[in-house]
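The structure under discussion appears below in the form of structure tokens.
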Amino acid sequence: MADPATLTMSERLTALVALPARMVFQVLEYPLMLIQRLVGIRGMPWVFLLPNLAFFGIFVVIPLFINFAFSLTGGTQLFLADRVYTGTEQYAYLFDCGNYLDPTTCREDRFWKGIFNTSVFIFFQVSFLVLFSLITALILNQKIRARGFFRAVYFFPVLLSPVVVALIWKWILLRDGVLNAFLVWLGFDKILFFVSPEWAMFWAIFVSIWAHMGFYTLILLAGLQAIAPDLYEAAEMDGTSRERVFWRITLPLLWPNMLVVIVLALIKGVQIFDEVFVLTGGGPGTATQFIVQYIYNTGFTQQVQNFGLAAAASVVLGVVLFVLTMIQLAVTRRRDNG
Amino acid sequence: MAETLYERPSVAEVVTAKRGRGGRLHWTDIFTYVYLTLGVLLMFGPVVWLVLSSFKTPAGLIEFPPTLLPLGQISVDVEGYDKPLPLFRATLEDGSVRDLAQVRRIGIVSQMVDPADPETTIKVPIGQREPVREFRLAWENYKDPLERFNFMRYLMNSVIVTTAATLVTLLINSMAAYGLSIYEFRGRGAIMLFVIGTLMIPITVILVPVYLVVTKLGMVNTLWAVILPGAATPTGVFLLRQYMLTIPKDLIEAARMDKASEWAIYWKVVLPLAMPAIAVLAIFSIMWRWNEFLWPLIVLNRSEVYTLQVGLNAFQGELDVQWHYILAMTVVTLIPVVLVFAFLQKFITTGIASSGMK
């Protein structure tokens, strides 16, 4: 045992965490030895898997089935046994539209407004997110000074909580916020960003790009660094222009990673909620209300909680995500198999 | 000190350190330079502005245009007055400018005295005076919400949730990973497929039924409702298993020869060797739990069980928004993340780059 005085801070911390953990494992040793004697060594993998599988079962698999059941029932009761079976009524209600391209002609116009808003959001958010992540990754991949610092600059918002991100920007964008002060200083009028639907959507997109760009930049950066340097050296020997190097070498070789990033961004984009909910509250009106907020509002905030409708809407969301995930798996497999 | 004799590089060269090309500045070099500068402003600026604003008094916050630094009016002790008096810079009738302390204000006229000469009172129209201010941090923005409001409670709840959930996550996921990496048994492939399958089901898709399950288990409005549902993470199992597969099987066989029980092999042999992967998962789990919002928002409806994120959201949604408290509490919420990032950046970035998750 080392002299406690010579231990570093992190070693002391580790020891502090390790001690109670050690005790827990030690206490569990005898019961588990008994179990091993009972089930034999061939049964042990299942013993180790049991807690995890139980959690998955209770909180993921069973809910997945209940979700379908819920979506086929009506009424306001939470417990399934008390609910009335209504067949596909909830779905019929959700999809009862005069014209699918115009949310105002739908019976459940909030749902379609949510889908419409989410589509607009992911179209712009994913395009610009991927574009800026690519530019940033290309720049960070150069031999620049203090690369670690700059990488950290673009990356750190990824770790901030959505609530913090939203509050930071809300404070900047308020009527008397610093951005309006800047506009006034430049000679413009103040803009009420959260009163105009277009501006609210713009900032929802902007803030979510700001918060998540670092993550995708990092994936693309890893992809860029995997490109063999000899290719670039050969191009330089030939005197190829940088533009041409980008279009002929970098982009084609990075493309599999780009696809992964695009699909990942789509999967996250469809589920957008936290930042925008805190930033705009879905407003003005329903201008920035997305699908997840529709589910949240329908199932958990209204006077009459409509669990059936919320479940039906989340099944629809689930189908969209399932398709996207399948594409993601295919794309990832193709990338990893070269 | 002797001058160093070498050619000083230009600013652009320092920042971009160009790739050859005989020193000619390519347009992409200039672009790089501009992009990085703007990037630092755009990414850091908002956070710096948050921190600066969080130290302003309520009066300082509603000022438009805002001041850059938090300022407070200087008060001076003047002989003959019990309380310190606020200091103003007044323009007098004869055009001279003096620093005077205000005794009282009557309508649009303020009665002022020179701190050096407290006997004579000078009357100054209030339009002719400006408060004299100095850089001052309004620490009460931090103290008040922690003492008067429930923020200490929220902070505690967040710490409890993050710690407990991370411990449970590490324990059950490392056990599962151990089971899936050390043993060869029938059904292993099926289980792996199952684990990967659950990866596809985000909480947003099963909000209603998980709420039902949590209600049935009687956990609504307890911290358990936040701790347990996300404890088994497919990403965690996956990450740990990949790492444990690299542990040589001979070590485990040797331990079995020594009559070690399977549990002992798990925690005495495999866990210590898997520490790097466990550290990555621990960091991820801490970040996930500390920042989690939608699920706690749904299952925590009473102020006593709010986590910081939910508490902050509730506070900013009130009619009379108290921004001076919100900004300070936002900074408090941000601090652990910044600390984790500052010390463990390498772990996080390599963890993300290698696993493609966050």
Side-chain angles (χ1 to χ4, degrees), chain A residues 25 29 32-33 36 41 44-45 48-49 51-52 55-56 58-60 63-64 66-67 70 78 139 142-145 150 152-154 156-164 167-169 171-172 176 178 181 215 218-219 222 242 271 273-274 278 292 295 299-300 307 310-311 314 317-318 321 325, chain B residues 14-17 26 28 32 35-36 39-40 43-44 46 49-50 53 64-66 172-173 175-176 178-179 183 185 198 200-202 204-210 212-213 215 229 231-232 261-264 267 287 291 293-294 298 309 312-313 316 330 333-334 337 341 345 349 352-353 356 358:
Chain A
F25 287 124
E29 187 144 354
L32 272 138
M33 230 142 82
Q36 189 181 337
I41 202 160
M44 281 313 277
F48 278 103
L49 280 167
N52 213 35
F55 272 81
F56 277 144
I58 295 170
F59 295 112
V60 180
L64 198 62
I66 303 181
N67 210 17
F70 252 112
L78 175 60
I139 282 178
Q142 289 178 325
K143 290 179 205 129
I144 46 174
R145 295 282 168 96
F150 284 113
V153 165
Y154 288 96
F156 85 92
V158 171
L159 306 183
L160 301 184
S161 88
V163 178
V164 167
L167 289 176
I168 286 175
W169 283 97
W171 175 239
I172 289 172
D176 290 331
V178 68
F215 173 68
L218 212 60
I219 297 182
R242 283 195 199 179
Q271 301 176 66
F273 172 78
D274 300 5
V278 180
V292 174
I295 297 171
F300 300 99
F307 293 118
S314 49
L317 175 65
L321 284 171
T325 313
Chain B
V14 169
V15 177
T16 61
H26 194 267
T28 52
T32 300
Y35 192 90
L36 288 176
V40 172
M43 305 313 277
F44 270 165
W49 182 243
L50 166 80
S53 302
F64 189 88
I172 65 174
N173 288 306
M175 281 171 67
Y178 176 82
Y183 303 101
F185 60 97
T198 48
M200 282 190 239
I201 306 156
T204 45
V205 176
I206 46 174
L207 288 175
V208 176
V210 178
L212 167 77
V213 168
T215 311
S261 74
E262 295 300 303
W263 180 257
W267 78 270
M287 270 161 32
N291 292 342
F293 178 60
L294 174 58
I298 287 175
Q309 313 292 343
L312 261 181
N313 177 60
Q316 70 102 21
T330 308
T333 313
L334 191 126
V337 174
F341 182 65
Q345 193 204 343
T349 47
I352 287 179
K358 72 171 167 181

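These numbers come from a predicted model, not from an experiment. Here is how names work: the chains are called A, B, and so on, in the same order as the sequence lines, proteins then strands, and each is numbered from 1.
Side-chain atoms of B:Q309 and B:T333 form no donor-acceptor pair, as typed in the model, at a separation below 3.5 Å.
Looking at A:I139 and B:L36, their side chains come closer than 4.5 Å, going by heavy atoms from C-beta outward. Taking 4.5 Å as the limit, some side-chain heavy atom of A:F300 sits within range of a side-chain heavy atom of B:L207.
With a 4.5 Å cut-off on non-hydrogen atoms, A:F70 touches chain B through its side chain but not through its backbone. Residue B:W267 touches chain A through its side chain alone, counting heavy-atom pairs closer than 4.5 Å. For chain A, the nearby parts of B:V210 are the backbone and the side chain; heavy atoms of each come within less than 4.5 Å. Of the atoms belonging to A:Y154, heavy atoms from both backbone and side chain fall under 4.5 Å from chain B. Of the two parts of A:L32, only the side chain, counted from C-beta on, holds a non-hydrogen atom closer than 4.5 Å to a non-hydrogen atom of chain B. Looking at A:V178, both its backbone and its side chain come within 4.5 Å of chain B, counting heavy atoms on both sides. Proximity to chain B involves both the backbone and the side chain of A:F307, based on heavy atoms less than 4.5 angstrom apart.
For A:T325, there are no side chain to side chain donor-acceptor pair (under 3.5 Å) partners at least two apart in sequence or on another chain. Among residues two or more places apart in sequence or in another chain, the ring pair (Phe, Tyr, Trp, His ring centres under 6.0 Å) test is passed with B:Y178 by A:F48, B:Y183, B:Y266.
For the pair B:P65 and A:A181, the tightest heavy-atom approach, listed with the atom from each and the gap, is CB-CB, 4.1 Å. The two residues B:E262 and A:Q36 come nearest to each other via the heavy atoms N-OE1, 2.9 Å.
Interface check for chain B: of the options A:V164, A:V60, A:D274, the most heavy-atom pairs under 4.5 Å are formed by A:D274. Of the residues considered (A:M44, A:M33, A:E29), A:E29 shows the highest number of contacts with chain B, using heavy-atom pairs under 4.5 Å. Put simply, of A:I172, A:V278, A:I66, the one with the most heavy-atom pairs under 4.5 Å next to chain B is A:V278. In terms of heavy-atom pairs under 4.5 Å with chain A, the best-connected choice from B:L50, B:I201, B:N173, B:V205 is B:V205. Among the candidates A:L49, A:L159, A:I41, the residue making the largest number of heavy-atom pairs closer than 4.5 Å to chain B is A:L159. Your options are A:L64, A:L167, A:I58, A:L321, and the one with the most heavy-atom pairs under 4.5 Å with chain B is A:L167. Between chain A and the options B:V40, B:L312, B:V337, B:I298, the largest number of non-hydrogen pairs under 4.5 Å is found for B:I298.
Using the six-membered ring where Trp is involved, B:F341 and A:F156 have ring planes that are tilted, between 30° and 60° apart.
For the atom pair A:N52 CG and B:T198 OG1, the distance stands at 8.5 Å (nearest 0.5 Å).
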